[in-house]
Amino acid sequence: MAKLAAALDETSSTPTLQQVQPEKALPKVTPVPLPTIPGQPALRQTESVPKVQPVQAKPESKAAAQAQTQAAAQQEQLKKQQAERQARQPTHLTSQQQTQQQRNTGWSLQSPILFRVGEQVWFQNGNTWRLGIIASQNPQQPGVHELLPLGSGVIPQQNVAKHDKDMRPFQAFSVPPVAIQELDDKTFDEIPWAEKFREFGADPSKRDLLLLDASKLAASKVDWSNSLWSAMSEDVHAKTITYYGCFLGAERIEVGDCLRVRNLPPELSVVSEDLVVMGLRFIYTSGDFPGTIFFRGTLYQRADPGADPSTLVPMQHLPIALRDETHWRSQVQPGTSHGWIVVGDGVRLKEKSIRGRLYPAHRIMPILNPSVFEAAVARRQIDDQHPYLNSRMDGVGRYLGRQVNRLLTLGASVPAGARLNLEPFVREDMRRA
């Protein structure tokens, strides 16, 4: 587990980082007839048959008329049976094809792999570390971020500009306990911050200490909450609603991401959850489980070095983050296998099973431990280059669950009028609580 970021306190030193650990087009699918809707009659083609005028049947033609009627009924029954068989057949074929189709469907991401607007991160401030929210990014300056420091809106703080190298994912460190004892066992929203700052206002050192404690409690509040964005369905009365993404604790997650997981279903027989990630296909809620967010996708497990190549997922079919890392490892160690196998398709997990986003090793390790990483690459010995991060909701806190949007989650921990410059595809619910 990551060491405490004790550097939050004024008198402490910088925390020690943990030692580490174009998509293809979809194949054409031949359209198949839709299955019969339960409770509805099978569809029949309209036949242009002239209406028979009612006539008085002659006695000698009654037997022939009855035979014709019986034959027509048998023919109609045969057509109905054929229609039902045709309706059932496509349904069976579709369910068989879904798994293979999902594996071969291309992956995409609209967000950066490393840091994203709205995420809670650590940033370096001299010899100490502070907590903040990424408020904005400039596409013309990759790797540069405008950060909104966390604390209390009672004491406004100026936004700061930081580079990737001066930042860490929130889960790289643990949040230390508050320094002021009377704030212990309280959540951010339970404390009258204006009153507390008036009380500590005469002593600048105590005021700064109170501001640090405010940032710790605000970070805990964010870690134990979530908010959804970019609903894929406009029907607010639908039983199931899918979303393109969500703020899950400190991180911003979207369909196409790779997620670190835990508490997997026992029937999957996974030996080590540390070797398994989920390629995320769906984020959704269900009216049958109010307040619950579901994550559904494919589970990939790191293959053993001597695994049969035919069992490995082709690199072009891996999610973006996995493909990015696998390609890098293959370049550094061209004679070594770095593959993944599928251990679960269409697996549904709840919020508590999501540890956080997967960061490709060659993207995050140069930030977490640059000297060790560079030496490992120079020796072409990168098997141990994996980031060891905390998991969401590992720290002290109380579960808050669904919030309206990101700014309302932050609440009084940022100044009134604070703004997040989210990308156009991130559409939040902008109602006030």
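From a predicted model like this one, the values you see are computed outputs, not experimental measurements. In this chain, residues are counted from 1 in sequence order.
In terms of modelled atom types and a separation under 3.5 Å, the side chain of Arg262 and the main chain of Lys352 share a donor-acceptor contact. At least one donor-acceptor pair under 3.5 Å links the side chain of Arg168 to the backbone N or O of Ile367. Under the 3.5 Å distance criterion, the side-chain polar atoms of Gln385 are left unmatched by any main-chain donor or acceptor of Val377. Using modelled atom types, no side-chain atom of Gln301 and backbone atom of Leu275 make a donor-acceptor pair closer than 3.5 Å. A distance-only check finds no donor-acceptor pair linking the side chain of Lys239 to the backbone of Asp288 [under 3.5 Å]. The backbone N or O of Asn405 sits nowhere less than 3.5 Å from a side-chain atom of Asp429 that would complete a donor-acceptor pair. At distances below 3.5 Å, at least one donor-acceptor pair connects side-chain atoms of Gln120 with backbone N or O atoms of Ala219. A donor-acceptor contact shorter than 3.5 Å links the side chain of Glu273 to the backbone of Asn263. No donor-acceptor distance shorter than 3.5 angstrom exists from the side chain of Asp257 to the backbone of Leu259, with no hydrogens or angles considered. At distances below 3.5 Å, at least one donor-acceptor pair connects side-chain atoms of Glu428 with backbone N or O atoms of Arg406.
Between Arg357 and Ile253, the shortest heavy-atom distance links the atoms CG-CG1, 3.8 Å. For the residue pair Ser220 and Gly397, the shortest heavy atom distance occurs at OG-CA, 3.6 Å. Nearest heavy atoms, Leu150 versus Ser413: CD2-OG, 3.5 Å. Closest heavy-atom contact between Ala231 and Ile241: CB-CG2, 4.4 Å. Summarising the geometry of Leu211 relative to Ser152, their closest heavy-atom pair is CD1-N, 3.7 Å, with the distance given to 0.1 Å. Closest heavy-atom contact between Cys246 and Phe295: SG-CE2, 4.0 Å.
Ion pairing of Asp164 with Arg363 is absent here, as no side-chain N (NZ or NE/NH1/NH2) approaches a carboxylate O to less than 4.0 Å. Under a 4.0 Å N-O distance rule, the pair Glu195/Arg198 does not qualify as a salt bridge.
Inter-residue side-chain proximity for Phe170 and Val222 is flagged as unmet; no heavy-atom pair is nearer than 4.5 Å. Counting heavy atoms from C-beta outward, Tyr244 and Val255 have side chains that approach closer than 4.5 Å. Contact of the Gln110 side chain with the Glu423 side chain is not registered, since no non-hydrogen atoms from C-beta on lie closer than 4.5 Å. Contact of the Met167 side chain with the Trp122 side chain is not registered, since no non-hydrogen atoms from C-beta on lie closer than 4.5 Å.
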Q. After noting the C-alpha distance and the side-chain angles of Glu254 and Ser111, does the key distance pass the side-chain hydrogen bond (donor to acceptor under 3.5 Å, both in side chains) rule?
A. CA-CA 8 Å; Glu254 70 180 59; Ser111 298; 2.3 Å; yes
Q: Assess whether side chain to side chain contact (heavy atoms under 4.5 Å, CB included) is satisfied between Leu212 and Arg130, documenting all intermediate values.
A: CA-CA 8 Å; Leu212 285 173; Arg130 296 291 183 266; 3.5 Å; yes
Q) Passes side chain to side chain contact (heavy atoms under 4.5 Å, CB included), Tyr300 versus Val343? Steps please. A) CA-CA 6 Å; Tyr300 299 90; Val343 293; over 6 Å; no
Q. Going through the checks in order, is the side chain to side chain contact (heavy atoms under 4.5 Å, CB included) test met by Ile113 and Tyr359?
A. CA-CA 7 Å; Ile113 286 182; Tyr359 300 89; 5.8 Å; no
Q: Determine, step by step, whether Glu119 and Arg252 satisfy the side chain to side chain contact (heavy atoms under 4.5 Å, CB included) criterion, reporting the C-alpha distance in whole Å, the side-chain angles of both residues, the deciding distance to 0.1 Å, and the verdict.
A: CA-CA 6 Å; Glu119 291 193 316; Arg252 195 179 94 185; 3.8 Å; yes
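Identified under the ring pair (Phe, Tyr, Trp, His ring centres under 6.0 Å) test for residues 402-427, with sequence neighbours left out: none.
In the model, Ser174 has a side-chain atom that pairs as donor or acceptor with a side-chain atom of Asn390 under 3.5 Å. With hydrogens and angles left out, the side-chain atoms of Arg260 and Gln171 include a donor and acceptor closer than 3.5 Å.
For Glu351, the side-chain hydrogen bond (donor to acceptor under 3.5 Å, both in side chains) partners two or more places apart in sequence, or in a different chain, are Asn226, Arg392, Tyr399.
To the nearest 0.5 Å, atoms CG (Asp345) and CG (Leu299) are separated by 8.5 Å. The structure places CD1 of Ile364 at 7.0 Å from CG of Leu389, a figure rounded to the nearest 0.5 Å. Interatomic distance, Trp340 CH2 to Leu318 CG, rounded to the nearest 0.5 Å: 8.5 Å.
A perpendicular orientation is assigned to the rings of Phe294 and Phe289, their planes being inclined by more than 60° (bins at 30° and 60°). Phe247 and Trp229 have tilted rings, their planes meeting at an angle from 30° to 60° on a 0 to 90° scale.
Atom CD of Gln158 sits in a sparse spot, with 12 or fewer heavy atoms from other residues, nucleotides or ligands closer than 6.0 Å.
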Under 3.5 Å, which donor-acceptor pairs do the side chains of residues 184-192 form with other protein atoms, sequence neighbours left out?
unit_1	atom_1	unit_2	atom_2	d
Lys186	NZ	Glu182	O	3.3
Asp189	OD1	Lys221	NZ	3.4
Asp189	OD2	Lys221	NZ	3.0
Glu190	OE1	Thr187	N	3.0
Glu190	OE2	Arg398	NH1	2.8

